[in-house]
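Computed from heavy atoms alone, side chains included, the values below leave out hydrogens, waters and symmetry copies.
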Amino acid sequence: MPAKTLTLKMRRDWHYYAVAIGLIFILNGVIGLLGFKTEGWQNYAVGLVTWVICFWIAGFIIRRRPEPEAPETAKE
């Protein structure tokens, strides 16, 4: 039975989310080491900001290039 492989889009998406989640852990660790104290709603605000920043940075790290065209469908 042949092994199933992921499509190129699925592999790119998987790497994008993996990098973003890794960056979230790193950024939250840095914030914790800096001793940034939050109370109440500020916890959620800081968490939201770290998620947004990390997904934005991951977008630069994992670039989604356009799919290469097949030779028979290439425009001449």
Joint hydrophobic cluster, I53 plus V46, side-chain heavy atoms closer than 4.5 Å: yes
Straight-line distance of I57 CD1 to I62 CD1, nearest 0.5 Å: 13.0 Å
F60-V19 co-clustered via ILVMFWY side chain contacts under 4.5 Å: yes
Nearest heavy atoms of L27 and C54, plus distance in Å: CD2-SG, 3.8 Å
Heavy-atom pair with the smallest gap, counting every atom of T50 and I24: O-CG1, 4.3 Å
Path from F55 to W14 over hydrophobic side-chain contacts below 4.5 Å: no
Gap between atom CG of N28 and atom CH2 of W51 - 0.5 Å precision: 9.5 Å
Distance-minimising heavy-atom pair for K37 and Q42: O-OE1, 4.4 Å
Y16 (side chain) donor-acceptor with I61 (main chain) under 3.5 angstrom: no
Nearest-0.5 Å distance that lies between atom CD1 in I21 and atom CD1 in I26: 12.5 Å
